[in-house]
Protein chains: 2
Amino acid sequence: MRNTLQRELVYDIVMNSSDHPSADVVYERARRMMPRISMGTVYRNLKQLAEAGRIREIRISDDSNRYDKTLHTHAHFRCRVCGRVTDIETECGAAVPANGFSGKLESTDILFGGVCADCAAREEA
Amino acid sequence: MRNTLQRELVYDIVMNSSDHPSADVVYERARRMMPRISMGTVYRNLKQLAEAGRIREIRISDDSNRYDKTLHTHAHFRCRVCGRVTDIETECGAAVPANGFSGKLESTDILFGGVCADCAAREEA
DNA sequence: TGATTTAATAGTAATAGTTACTGATAGCGA
DNA sequence: TCGCTATCAGTAACTATTACTATTAAATCA
């Protein structure tokens with residue numbers, strides 16, 4: 001994997017973000033530093049960095065994928081009102097398949113959906 | 001909610017499928033019974049039936065949504081080789097957010113990815 | 001039962017997220 | 001420094017899904 005300015009920029013943006021940015025958001029932030037960078041480059045590098053294990057891809061159906069600097073498996077919560085994605089602890093730690101599963105496990109995604117505390121309070125008012 | 005032939009057909013197809021069909025697959029099966037049914041109708045009814053709690057929507061990022069006759073929360077495994085989605089038991093039962101989460105929880109999706117036993121055996125050969 | 005209301009339909013167009021393509025550029029090994 | 005080729009910018013294409021519109025048909029009611 002070549003060490004290009006574009007790839008390092010994309011990587012730095014994810015590593016300095018704590019808000020689980022989507023490709024779109026990474027693109028907007030990247031353009032501030034490198035105005036001619038293209039969307040395709042951002043997508044390609046996010047995918048490659050995730051494949052290389054340098055960042056983590058959070059797959060969110062019915063929404064765009066997000067990218068996370070935190071590498072270890074952990075659950076996420078997505079607020080359907082504000083769209084924010086936050087880390088969340090689960091009671092049993094990381095879920096694992098019970099005995100009896102005989103395939104090859106490669107990824108685990110735990111996604112909770114609902115309304116975050118902030119938006120719930122705002123809805124009350 | 002009106003009781004249309006199209007809606008009952010879509011519902012019956014999901015209830016008689018154990019392979020977690022996507023909207024596309026439901027559409028193909030529906031056309032065999034009702035050739036003039038449209039894709040939009042299938043999508044609309046799957047969404048409405050899921051909202052009404054009569055079927056369950058399985059959200060699979062980087063792939064189309066699937067639909068399940070089983071209503072209670074349970075984890076799924078998706079094989080990246082053959083694309084099949086199967087039910088899977090987890091060691092700790094259903095994951096729940098740890099104490100400290102103060103939002104409103106509405107959905108839980110646990111998705112494992114990897115290679116199923118069949119495809120793994122085939123890759124060996 | 002037949003008229004009326006309106007949710008739902010078929011068919012089509014549009015949207016969003018993402019990937020593919022193409023000629024030009026630049027990282028890196030020799 | 002030269003040459004190879006991965007990567008780039010820009011654009012087109014693709015896929016899953018939703019939106020739109022005129023038409024149809026459930027359900028309500030006289």
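Atom set for the values below is all heavy atoms of this structure, side chains included, hydrogens, waters and symmetry mates excluded. The sequence lines fix the lettering, A, B, ..., with proteins before strands; numbering per chain opens at 1.
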Rounded to the nearest angstrom, tell me the gap between atom [atom1] in [X] and atom [atom2] in [N].
X: A/Arg31; N: D/dG10; atom1: CZ; atom2: C1'; result: 13 Å
X: B/Lys47; N: D/dA16; atom1: NZ; atom2: C1'; result: 10 Å
X: A/Glu57; N: C/dT19; atom1: CD; atom2: C1'; result: 13 Å
X: B/Arg7; N: D/dA25; atom1: CZ; atom2: C1'; result: 13 Å
X: A/Met39; N: C/dA16; atom1: CE; atom2: P; result: 13 Å
X: A/Asn65; N: D/dA16; atom1: CG; atom2: P; result: 15 Å
X: B/Met34; N: D/dT24; atom1: CE; atom2: P; result: 16 Å

message: Contact between B/Thr70 and B/His72 at the side-chain level, heavy atoms closer than 4.5 Å - yes or no?
response: yes
task: Classify the side chain of B/Arg2 and the base of C/dT6 as holding, or not holding, a donor-acceptor pair under 3.5 Å.
output: yes
Is the distance from OP1 or OP2 of [N] to the nearest side-chain N or O of [X] less than 4.0 Å?
X: A/Asn45; N: D/dC8; result: yes
X: B/Gln6; N: D/dA25; result: no
X: B/Tyr43; N: D/dT17; result: yes

Can you tell me which nucleotide in [options] comes closest to the side chain of [X]?
X: B/Ile37; options: D/dT7, C/dA10, D/dA9; value: C/dA10
X: A/Asn3; options: C/dC28, D/dT7, C/dA8; value: C/dC28
X: A/Ser38; options: C/dC28, D/dT7, D/dG10; value: D/dG10
X: B/Thr4; options: C/dA8, C/dA10, D/dT7; value: C/dA8
X: B/Arg36; options: C/dT9, C/dG11, C/dT18; value: C/dG11

message: Between A/Arg66 (side chain only) and A/Ile60 (backbone N and O only), is there a donor and an acceptor less than 3.5 Å apart?
response: no
query: Does the B/Arg78 side chain pair with the main chain of B/Leu111, one donor and one acceptor, at a distance under 3.5 Å?
result: no
Within the structure shown, what part of the strands sits under 4.0 Å from [X] by heavy-atom distance: base, sugar-phosphate, or nothing?
X: B/Arg44; answer: base
X: B/Asp63; answer: nothing
X: A/Met1; answer: sugar-phosphate
X: A/Asp24; answer: nothing

Lys/Arg-Asp/Glu bridge criterion (N-O < 4.0 Å) met for B/Glu8, B/Arg54: yes
- prompt: Should A/Asp87 and A/Arg56 count as an ion pair when the cut-off is N to O under 4.0 Å?
  reply: no
